Amino acid sequence: MERRGVLGLIAGAAAALGTAGAAVAAEKVFTGLVAGVGAGGYDVVAYQSENAAIPGDPAIEASHEGVRYRFASTRNRDAFQADPQKYLPRYGGYCAWAVSQGYTAKGDPEAWTVVDGRLYLNYSQSVRAQWSQDIAGNVAKADANWPAVLD
């Protein structure tokens with residue numbers, strides 16, 4: 001086989017692995033509220049910059065590891081693209097309390113908390129109240145359970 005053909009095969013295999021890696025990453029993110037969109041379509045930057053849950057605009061999106069995120073402004077989209085890990089919801093946007101208990105449940109973008117610069121979503125406001133009674137303990141338990149709870 002020609003060298004160019006071998007290089008083409010290697011490049012194709014690398015591209016396929018990159019796509020597969022993005023698909024695996026996307027499986028770890030809850031996108032059940034809006035198909036293929038993380039955080040239910042809410043602007044993940046606004047939780048920290050505005051201290052508010054603000055729906056994102058479908059015209060202002062960015063993709064990260066195979067998942068689309070929506071933003072209320074291009075400024076927020078640009079901030080996300082510069083440092084996605086700062087803004088992504090912990091545990092893929094699944095309910096933080098559920099993960100701390102060893103299972104998954106949907107994360108509601110209206111039931112949220114930012115702790116130490118990280119976004120946590122919960123199933124509902126009442127679950128959020130329960131989770132908030134021991135945030136540090138629940139985060140430690142959730143960290144120990146994540147991502148094994150997805151299996």
Side-chain angles (χ1 to χ4, degrees), residues 8 11-133 135-136 138-151:
L17 288 173
T19 302
V24 169
E27 291 174 3
K28 294 182 179 182
V29 175
F30 177 72
T31 60
L33 297 177
V34 180
V37 177
Y42 278 63
D43 183 334
V44 294
V45 173
Y47 290 104
Q48 293 186 46
S49 66
E50 311 287 327
N51 195 32
I54 300 173
D57 181 339
I60 308 172
E61 287 190 347
S63 291
H64 179 72
E65 295 185 348
V67 178
R68 295 185 334 267
Y69 293 89
R70 293 180 178 168
F71 302 91
S73 69
T74 56
R75 183 190 66 195
N76 284 4
R77 182 199 58 210
D78 295 347
F80 175 81
Q81 288 177 313
D83 189 2
Q85 293 304 317
K86 179 177 180 178
Y87 301 107
L88 289 170
R90 293 293 310 271
Y91 319 121
Y94 288 93
C95 174
W97 187 84
V99 173
S100 77
Q101 301 304 302
Y103 64 95
T104 61
K106 74 176 184 79
D108 179 347
E110 293 282 340
W112 60 279
T113 307
V114 173
V115 178
D116 296 330
R118 295 300 310 264
L119 173 62
Y120 297 87
L121 302 180
N122 288 111
Y123 179 81
S124 65
Q125 294 294 340
S126 62
V127 170
R128 179 179 170 261
Q130 187 172 4
W131 179 79
S132 296
Q133 291 176 9
I135 291 173
N138 287 320
V139 166
K141 289 189 282 185
D143 285 349
N145 291 336
W146 184 258
V149 295
L150 297 173
D151 295 336

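Because only heavy atoms are used, hydrogens play no part in the values below, and waters and symmetry mates are left out as well, while side chains stay in. A quick note: this is a predicted structure, and the numbers were derived from the prediction, not measured.
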- Task: Applying side-chain hydrogen bond (donor to acceptor under 3.5 Å, both in side chains), name anything that partners Y91, two or more places apart in sequence or on another chain.
- Result: D143

- With D78 via side chain to side chain contact (heavy atoms under 4.5 Å, CB included) - residues at least two apart: Q81

- Query: Between V45 and F80, which heavy-atom pair has the shortest distance, and what is it?
  - Reply: CG2-CB, 3.8 Å

- Closest heavy-atom pair and its distance - A72, I54: CB-CG2, 3.8 Å

- Task: Tell me, please, which residues at least two apart from Y87 pass ring pair (Phe, Tyr, Trp, His ring centres under 6.0 Å).
- Result: none

- Mind running side-chain contact (heavy atoms from CB on, under 4.5 Å) on V139 and V115 for me, showing each step along the way? CA-CA 10 Å; V139 166; V115 178; 5.8 Å; no

Distance-only donor-acceptor hits, side chain of residues 144-151, under 3.5 Å, sequence neighbours excluded:
{"from": "N145", "atom 1": "ND2", "to": "V99", "atom 2": "O", "distance (Å)": "2.8"}
{"from": "N145", "atom 1": "ND2", "to": "S100", "atom 2": "O", "distance (Å)": "3.2"}
{"from": "N145", "atom 1": "ND2", "to": "K141", "atom 2": "O", "distance (Å)": "3.3"}

- Query: Excluding sequence neighbours, so at least two apart, what forms side chain to side chain contact (heavy atoms under 4.5 Å, CB included) with Q85?
  - Reply: H64, D83, L88

- Minimum heavy-atom separation for A62 to R77, with atom names? CB-CG, 3.8 Å

- Query: Is there side-chain contact between Q48 and K86, with heavy atoms separated by less than 4.5 Å?
  - Reply: yes

- Item | Residues that W131 engages under ring pair (Phe, Tyr, Trp, His ring centres under 6.0 Å), provided they are two or more places apart | Y120

- Message: With a 4.5 Å cut-off on side-chain heavy atoms, are V37 and T31 touching?
- Response: no

- Query: Which pair of non-hydrogen atoms, one from N122 and one from W97, has the smallest distance, and what is that distance?
  - Reply: ND2-N, 3.3 Å

- Query: Taking only residues two or more places apart in sequence or in another chain, which ones pass side-chain hydrogen bond (donor to acceptor under 3.5 Å, both in side chains) with S124?
  - Reply: S126

- Message: Can you give me the closest heavy-atom contact between L121 and G93, atom names plus distance?
- Response: CD1-O, 3.8 Å

- Going by the salt bridge (Lys or Arg N to Asp or Glu O under 4.0 Å) test, which pairs reach into residues 37-63, not counting sequence neighbours? E50-R75, E61-R68, E61-R70

- Query: Under the salt bridge (Lys or Arg N to Asp or Glu O under 4.0 Å) rule, what pairs show up with a residue in residues 101-129, not counting sequence neighbours?
  - Reply: none

- Note on the structure: Closest heavy-atom pair, G38 versus Y69, reported as atoms and distance to 0.1 Å, is CA-CE2, 3.6 Å

